[in-house]
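Please read the structure below before turning to the comments.
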Amino acid sequence: MKDVGVVICNYNKQEYVVRCIQSVLESKYQDFDLYVVDNASTDNSVECIQQMYGDRLKEVSTRQLQYMLYNCDYPEPLRQVIYRELSRR
């Protein structure tokens with residue numbers, strides 16, 4: 001696990017999330033973990049993200065959210081984002 005984690009939340013925003021991911025990956029600083037938290041998107045964004053960036057990021061879907069809250073392998077800031085996403089349901 002890296003010292004820096006970048007968390008991007010997505011819900012049916014394929015065009016924007018792809019641009020956001022690309023921007024993060026093109027940054028000068030490269031020593032980070034990139035997480036994309038998807039809250040059950042119904043557009044094609046999840047498939048697009050997996051196809052384009054699957055090997056470079058850690059995708060988190062709503063099916064994994066509750067489990068991840070209790071998983072100590074994830075950093076506290078990411079767990080807080082996950083908790084907020086669960087609370088919005």
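These numbers come from the heavy atoms of this one structure, side chains and all, not from hydrogens, waters or symmetry mates.
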Next item on the list: Take Leu57 and Ile21, measure what side chain to side chain contact (heavy atoms under 4.5 Å, CB included) needs, and give me the verdict at the end.
Entry: CA-CA 9 Å; Leu57 60 86; Ile21 292 169; 4.0 Å; yes

Next item on the list: Give the intermediate values and the outcome of side chain to side chain contact (heavy atoms under 4.5 Å, CB included) for residues Val4 and Asp31.
Entry: CA-CA 7 Å; Val4 175; Asp31 192 28; over 6 Å; no

Notebook entry, point to check: Where do Leu34 and Arg56 land on the side chain to side chain contact (heavy atoms under 4.5 Å, CB included) test, with the steps shown first?
Noted result: CA-CA 8 Å; Leu34 176 59; Arg56 300 185 69 185; over 6 Å; no

Next item on the list: Show your working on side chain to side chain contact (heavy atoms under 4.5 Å, CB included) between Cys48 and Tyr53 and close with a plain yes or no.
Entry: CA-CA 8 Å; Cys48 181; Tyr53 306 106; over 6 Å; no

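Within a 6.0 Å radius of CD in Gln30, more than 12 heavy atoms belonging to other residues, nucleotides or ligands are found. Environment of OH in Tyr16: sparse, with no more than 12 heavy atoms of neighbouring residues, nucleotides or ligands closer than 6.0 Å.
With hydrogens and angles disregarded, no donor-acceptor distance shorter than 3.5 Å links the side chain of Ser45 to the backbone of Gln14. No donor-acceptor distance shorter than 3.5 angstrom exists from the side chain of Ser41 to the backbone of Asp43, with no hydrogens or angles considered. In terms of modelled atom types and a separation under 3.5 Å, the side chain of Tyr11 and the main chain of Lys13 share no donor-acceptor contact. Looking at Asn10, its side chain never comes within 3.5 Å of a backbone N or O of Asp38 through a donor-acceptor pair.
Using a 3.5 Å distance cut-off with no hydrogens or angles, the side chains of Glu26 and Gln22 do pair a donor with an acceptor.
Between Val17 and Ile49, the shortest heavy-atom contact is CG1-CD1, 3.6 Å. When all heavy atoms of Phe32 and Tyr29 are compared, the closest pair comes out as CE2-O, 3.1 Å.
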